[in-house]
Amino acid sequence: MIGVVIPTHSQPEALQNALASVAGVPVVVVDDSPLGMNASVDATVIRTSGEEGFAAAVNRGLAYWEREGVTHALVLNDDAVLEDDALNRLMNAWTDADGALAPIVHEPDGPVYGIDVLRGGRIRLRRTPGSVQALSGAVLLMRSTERFDPKYRHGFEDIDLCCRLRQRGLAVRVVETARATHVAGATVSRRSRGAQKHALLGHLRWVGGGARGVYAVALSVAQVLRDGGPFDRMLGVIDAVRDHHWRAR
C-alpha cells in the first residue's frame, strides 16, 4: 500500500498541479502555511501550527500513513509534478534492500539524478546518471516508518535522511525510467534571505563545527557572490551563523 504526502506552504495553484499528478492515489496534504490554506483540495488535510518547516510537516504526513497501516509513502513537494506512470515505476522498482527511491527530477537548471556527497561536507547535484549518496526530498519514495530530523527546517533534511538510511545498509537510488518536474524555489525562493539562511543552517547542522563548518560558510558566501546576490542573501548567511552558534551554546 502507498500514500502520498504533500507539504504545502502558500502555493495553491502549484498544489493543484501536484495533486493532479497523483490522481487516484490516497493523499494527505500537510498545510504549513503561515495563516492556513484557503484552497479546497480533494485530499485529507493536516494543519500544522504554521511555519514548522518542511521536515516537521512531512513527518506529520508520514505518521498519518503509518497509523493508517500504509507501508510506503511518496513525499511530493507542492511545486513538483510526477510524469505519467512515474509512481508505478517507482513502486515496481522497490526492493526490501531499498531505503529511498527517487525519479529523475527535471528542474529549470537541468535534470537531477540525485546528490553527490563530496569531501569536506560539500554536496553537488548530479546532472548525469550514476550512483549517488543522497536524493532530493522534492520527490522521494520511502517507508512510512521513516522520519526526517525536524531540526532541519528547510535544507539538508533529505541528505541527512539518506545518509542515515545508508548507514543502516539500505540503498538510496534513482529509478531512471521514472520522471518528475520540480519548479525548485516556488515555495521559498532560493535567492531569498530566508532560503540562504535555512540552507546554510542545515549545512552547518549536518557537518558540525570546526573546519568543516567554516568551509560550509565559505561555500555559502561563494554561492551568493557567484549568483550575483541579491545583497540580502549575504544577510541570510550572517543570520545562519548567528543562529547556529546560539543553538550550539
[Y] backbone acceptor or donor facing [X] side chain under 3.5 Å:
X	Y	result
T8	L15	no
S144	V70	yes
W65	V4	yes
R173	G99	no
N92	N88	yes
R119	R122	no
D78	I6	no
R126	V112	no

Are the side chains of I123 and I159 in contact, using a 4.5 Å heavy-atom criterion? yes
Can you find a pair of side-chain heavy atoms, one from L74 and one from M142, that are under 4.5 Å apart? no
Restricting to non-hydrogen atoms, name the atom on [X] and the atom on [Y] that form the minimum distance, rounded to 0.1 Å.
X	Y	value
L101	A93	CD1-C, 4.0 Å
A14	D79	CB-CA, 4.1 Å
A86	A178	O-CB, 3.7 Å
D32	E52	OD1-N, 2.8 Å
P129	E176	CB-OE2, 3.3 Å
L87	I2	CD1-CD1, 3.5 Å

Straight-line distance of S49 OG to E51 CD, nearest 0.5 Å: 9.0 Å
Could you give the distance from CG (L165) to CG (L135), rounded to the nearest 0.5 Å? 9.0 Å
Anything under 3.5 Å between a donor and an acceptor, one on a side chain of residues 16-23, the other on a protein residue two or more places apart or in another chain? List them.
residue	atom	partner	partner atom	Å
Q16	NE2	S40	O	3.2
S21	OG	A18	O	2.7
S21	OG	L82	N	3.2

Cluster question for you: counting only ILVMFWY and a side-chain heavy-atom cut-off of under 4.5 Å, with indirect links fine, are V172 and L161 together? yes
Are L76 and V41 connected into the same hydrophobic cluster when the rule is that any two of I, L, V, M, F, W, Y join if their side-chain heavy atoms are below 4.5 Å apart? yes
How about F54 and F148: are their ring centroids closer than 6.0 Å? yes
Lys/Arg N to Asp/Glu carboxylate O, R89 vs E83, below 4.0 Å: no
Lys/Arg-Asp/Glu bridge criterion (N-O < 4.0 Å) met for R233, D227: yes
Checking D31 now: which residues fulfil salt bridge (charged side-chain N to carboxylate O under 4.0 Å, His left out) with it, not counting sequence neighbours? R47
